[in-house]
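Read the structure below first, then the notes.
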Amino acid sequence: MLAKRIIPCLDVKDGKTVKGINFVRFRDAGDPVELGKQYSEQGADELAYLDITASHEGRKTFVDVVRQVAANINIPFTVGGGIQELSDVDKLLNAGADKVSINSAAIRNPQLINEIANHFGSQVCVVAIDAGLCEDEWICYLNGGRIPSGRRLFQWAEEAESRGAGEILFTSILHDGVKKGYANETLALLSEKVGIPLIASGGAGEIQHFKDVFIEGKADAALAASVFHFGEISIPELKQYLKKEGIAIRIT
Amino acid sequence: MNIAIVQYNAGNICSVIFALKRLGVDAVLTSDLEILQKADKVIFPGVGEAKTTMEHLKLHRLDQLIRDLKQPVLGICVGMQLMCRYSEEGNTECLGIFDAPVIKFQREKAGDKIPHTGWNTLTRCRGDLLANLPEEAFVYFVHSYYVPTNDCTTSETTYIQKFSSSLQKNNFYAVQFHPEKSGRIGEKIIQNFLNI
């Protein structure tokens, strides 16, 4: 049976992970490869690395990080942050990334989805959508949730799928960072509307939230950052709990 | 040991090279017919589209070469699909090593997502490639086309319906999943291939 996926997300700035304490036996708490390895050994099903560097130099460093991750870690990983055009995707895939996530660039230039899918295959192309409520309607936001776009969430998700996206990564900006659970109602609607896998992001605070996002939110995968980085939830405990709750989960 | 990886117009092949390196094996990535023929083992990876890939193989005379190999060969993902008779992807005549078709997944109910993406289990495992795996062996899949179970099936996986997650015929081995991305279990499977 296909397992629901647990995906820790690591923010990388100038080649170092930001956030992230509480792990013992670490040579370097800021080392993205060490941290990813740790998560992989704990049973993470995939990893997501988000480049939050603004500088050009930092972006080059990120490609080196991707290469190191690919050489050292034996589970799939997605990279995102700052991807603008096909040549950015090419660099990251050549460095060994399995998938790339595109966000604002896809809204500004939807053709980018087609280009990635045609060149590298749909499985490579994760379209990340940040959305929030605006006058009772879910709309997409640009630039990490700061600027509202004219796009409606459900229409955009369907368009992304028809253009060749392989997965949707949905973050509710209303739920992100609040730790009160994922946007399950909206996720469930989205999951029924699109025929590609849906990754939920934003809102994890307790282990119960993961069960809810899989059952109520009908998500195929759940992504979280701080609850893992700060050791509030351990992946082995989370997975044991989900299995006990009858959810298809991979125990390593 | 001398391991050659078939080089062609496909995507992320470096992950296979990295996976072998983690097991202490330096593989050579090549489309040179002679090097491939002389290798102890050949890996035929694949991320890409069936039709253009088959055309590329034919153009470089790799199609006949792969069919004629006598050493152990491992096809991965699209590599496995191309080793079958025919693929619905682009209506493509393939290598025909396995007498089986490659069929597109069809959604049967809401919630069926295509591609089949993520970790799923291998059942009814047989043969030396999948020897000594734990009871519930999860491996990583990402594919929109599948090979139905047939005489060459050496393990089954269920998504929407039952399909072949691996095949074997004589010296030809093939897996639909990505052992290079399947954690410890994947490493075990690659090691099993190296040990054949």
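In what follows, chains are A, B, ... by sequence order, proteins preceding strands, each numbered from 1.
Of the listed residues (A:Gly121, A:Pro197, A:Ala248, A:Ala221), the one with the most heavy-atom contacts under 4.5 Å to chain B is A:Pro197. Contact count versus chain A (heavy atoms, under 4.5 Å) is highest, among B:Asn120, B:Thr158, B:Val142, B:Thr123, for B:Asn120. In terms of heavy-atom pairs under 4.5 angstrom with chain A, the leader among B:Phe141, B:Trp119, B:Phe138 is B:Trp119. By number of non-hydrogen pairs under 4.5 angstrom with chain B, the leading residue of A:Ser122, A:Ala70, A:Ala71 is A:Ala71. Taking chain A as the reference chain and counting heavy-atom pairs below 4.5 Å, the highest number among B:Ile185, B:Ile114, B:Thr121, B:Thr157 is found for B:Ile114.
Across all non-hydrogen atoms, the minimal contact from A:His209 to A:Tyr182 is O-CD1, 3.7 Å.
With a 4.5 angstrom heavy-atom cutoff, A:Asp220 touches chain B only via side-chain atoms. For A:Arg5, the part lying near chain B is the side chain, with the backbone staying farther off; criterion is any non-hydrogen pair under 4.5 Å. Within the 4.5 angstrom heavy-atom criterion, only backbone atoms of A:Ile73 (N, CA, C, O) approach chain B. With a 4.5 Å cut-off on non-hydrogen atoms, B:His116 touches chain A through its side chain but not through its backbone. Using a 4.5 Å cut-off between heavy atoms, A:Ser191 contacts chain B through both its backbone and its side chain.
The environment of A:Glu185 atom CD is sparse: at most 12 non-hydrogen atoms of other residues, nucleotides or ligands sit within 6.0 angstrom. Counting non-hydrogen atoms of other residues, nucleotides and ligands closer than 6.0 Å to CD of A:Glu237 gives a total of 12 or fewer. Crowding of A:Met1 atom CE: a count of heavy atoms from other residues, nucleotides or ligands under 6.0 Å not exceeding 12.
When the options B:Lys181, B:Arg22, B:Glu187 are evaluated for a side-chain hydrogen bond (donor to acceptor under 3.5 Å, both in side chains) with A:Asn74, the one that passes is B:Glu187.
For A:Lys218, the salt bridge (charged side-chain N to carboxylate O under 4.0 Å, His left out) test picks out A:Glu192, with sequence neighbours left out.
Here B:Tyr140 and B:Phe177 keep their ring centres 6.0 angstrom or further from each other.
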